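Treat the numbers as computed from the prediction; the structure is a model and nothing was measured.
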Amino acid sequence: MRNRIMRAARLLLCAASVHAPVSASAAGWDIGKASSNFELAALSDSELSGRSIEVIHMGNVELTSGRIVAADPLAQPDRPAFARMVSPGEYPVTLYQARGRIAAASMRFAEGKPDHWELAVLPGQDTATLKDGEIFGYPVDAGLGCYMDADTLDLMGEREAQVQAQKPDADVNYYDDVLASDLNADKGAYALHRPVADKKGNVAVFRSGWGDGFYPVFWGLDKDGHPLVLLTDFSVIENADGRREPKVQ
């Protein structure tokens with residue numbers, strides 16, 4: 001069932017998702033070169049508004065196992081969960097919109113300003129292997145990003161099976177037949193999507209900045225290394241400021 005969710009967009013090369021260029025300068029890998037937007041997670045809504053960034057509070061994502069997947073939900077829904085886990089629960093997702101685009105997306109686990117940041121990795125990935133100008137991240141081929149629990153993928157497969165049973169002679173497409181109606185309610189920009197109405201487990205789906213590309217995700221940690229926030233940077237802005245055009249890489 002999982003491989004049918006992808007029918008319309010499964011053109012991604014998973015091997016190519018291991019590394020992607022960000023910038024190239026001094027030798028050695030520096031997380032500060034992968035994103036300059038970590039301050040987004042520390043600013044208030046009013047402070048962000050003063051920087052021409054609109055804050056969208058989507059609601060809570062239900063993490064039934066605590067294993068978080070960040071991916072293009074149409075092109076690579078079965079992407080592995082991050083190596084770091086959180087406690088199962090419901091956690092708020094916030095979008096940061098600037099220049100008419102979703103510039104970043106965060107999921108908050110606890111209050112407080114992160115003491116430090118680290119790149120979110122999959123099992124087997126090691127930031128020590130990265131060269132300057134490289135990142136780990138996820139590829140986007142359908143113009144969307146998401147946060148969901150790893151268990152929720154099974155619910156997406158269950159929903160597709162339900163739709164297929166209702167249209168036995170049709171070639172079911174998850175976007176057209178399921179997700180589009182949710183996204184259209186918010187002008188196609190985002191949706192808190194529940195694959196199966198009576199089951200716990202939902203997906204925060206949002207437009208991915210400039211669209212197709214390759215995007216990093218970061219953990220904001222407290223001084224003891226506990227996760228406070230997860231942040232996806234779509235490279236629309238720099239320095240957590242929507243008033244200035246980002247540099248051309």
Side-chain angles (χ1 to χ4, degrees), residues 1-22 29 31 34-35 61-91 93 104-107 109 117-130 134-160 174-175 179 193-196 199-206 208-209 212-221 225-227 229-234:
M1 186 60 62
R2 295 185 180 194
N3 59 0
R4 291 180 57 204
I5 295 174
M6 289 281 313
R7 199 187 324 267
R10 208 171 189 96
L11 301 175
L12 292 171
L13 300 176
C14 296
S17 70
V18 176
H19 297 82
V22 177
W29 191 81
I31 194 170
S35 175
V61 166
E62 300 161 356
L63 299 181
T64 51
S65 73
R67 297 176 296 131
I68 301 172
V69 172
D72 183 325
L74 297 178
Q76 200 182 27
D78 51 357
R79 183 174 174 81
F82 291 127
R84 180 185 292 275
M85 297 176 59
V86 300
S87 298
E90 298 186 13
Y91 299 104
V93 172
S106 70
M107 183 186 296
F109 310 106
W117 292 82
E118 69 177 32
L119 191 62
V121 298
L122 305 182
Q125 292 180 332
D126 184 351
T127 56
T129 66
L130 293 173
E134 294 181 337
I135 56 169
F136 294 122
Y138 69 86
V140 170
D141 195 50
L144 297 173
C146 82
Y147 291 133
M148 67 177 175
D149 192 274
D151 288 345
T152 305
L153 176 61
D154 291 331
L155 299 181
M156 293 175 68
E158 183 177 337
R159 177 65 175 277
E160 187 189 36
Y174 200 88
Y175 179 84
L179 189 56
H193 169 61
R194 184 174 300 279
V196 180
K199 292 189 177 181
K200 195 175 184 66
N202 58 359
V203 189
V205 184
F206 33 80
S208 54
D212 297 350
F214 190 93
Y215 301 105
V217 185
F218 305 92
W219 292 102
L221 309 173
H226 300 136
V229 65
L230 192 66
L231 180 74
T232 304
D233 186 351
F234 291 121

**Study point:** Leu155 side, atom CG; His193 side, atom NE2 - distance, nearest 0.5 Å
**Key:** 9.0 Å
**Study point:** Non-hydrogen side-chain atoms of Val121 and Phe82 separated by less than 4.5 Å
**Key:** no
Check your understanding: So, for Ala70 and Arg79, which heavy atoms are closest and what is the spacing to 0.1 Å?
Key -> O-CD, 3.5 Å
Exercise for review: Apply the test side chain to side chain contact (heavy atoms under 4.5 Å, CB included) to residues Val229 and Trp117: give CA-CA distance (whole Å), side-chain angles for both, the deciding distance (0.1 Å), then the verdict.
Suggested key: CA-CA 10 Å; Val229 65; Trp117 292 82; 3.5 Å; yes
Exercise for review: Could you pull out the closest heavy-atom pair between Tyr174 and Pro195, with the gap in Å?
Suggested key: OH-CB, 3.8 Å
Review point. Does a donor on one side chain sit under 3.5 Å from an acceptor on the other, for Tyr138 and Thr232?
Key: no
**Study point:** Heavy-atom pair with the smallest gap, counting every atom of Val69 and Ala150
**Key:** CG2-CA, 3.8 Å
Point to revise | Check against side chain to side chain contact (heavy atoms under 4.5 Å, CB included), Val61 and Asn202 | key: CA-CA 6 Å; Val61 166; Asn202 58 359; 3.9 Å; yes
Review point. Just by distance, do the side chain of Asp149 and the backbone of Ile68 share a donor-acceptor pair under 3.5 Å?
Key: no
Exercise for review: Test Leu63 against Met107 for side chain to side chain contact (heavy atoms under 4.5 Å, CB included), laying out the working first.
Suggested key: CA-CA 11 Å; Leu63 299 181; Met107 183 186 296; 4.0 Å; yes
Revision key, fill the gap. Nearest heavy-atom approach of Leu119 to Phe136 is CD2-N, 3.5 Å
Check your understanding: What pair of heavy atoms forms the shortest contact from Pro139 to Asp72, and how long is it?
Key -> O-CB, 3.7 Å
Point to revise | Main-chain N/O of Val86 paired to Tyr91 side chain as donor or acceptor, under 3.5 Å | key: no
Check your understanding: Checking Arg194 side chain against Lys199 main chain: does a donor-acceptor pair fall under 3.5 Å?
Key -> yes
Study note, to complete from the structure: Nearest heavy-atom approach of Pro227 to Leu221 is CA-CD2, 3.6 Å
**Study point:** Short side-chain to backbone donor-acceptor contact, Asp212 and Gly143, under 3.5 Å
**Key:** yes
Point to revise | Euclidean distance, Glu62 CD relative to Glu90 CD, rounded to 0.5 Å | key: 4.5 Å
Exercise for review: Starting at OG of Ser35, measure out to OH of Tyr215 and round the result to the nearest 0.5 Å.
Suggested key: 13.0 Å
**Study point:** Inter-residue atom distance Arg159.CZ - Thr152.OG1, 0.5 Å rounding
**Key:** 13.5 Å
Point to revise | Flag side-chain contact, heavy atom, 4.5 Å: Pro88 against Thr64 | key: no
Check your understanding: Just how far is it from atom CD1 of Ile135 to atom CZ of Phe214, taken to the nearest 0.5 Å?
Key -> 5.5 Å
Exercise for review: For Leu230 and Arg84, run side chain to side chain contact (heavy atoms under 4.5 Å, CB included): C-alpha distance rounded to whole Å, both residues' side-chain angles, the deciding distance at 0.1 Å, then the answer.
Suggested key: CA-CA 11 Å; Leu230 192 66; Arg84 180 185 292 275; over 6 Å; no
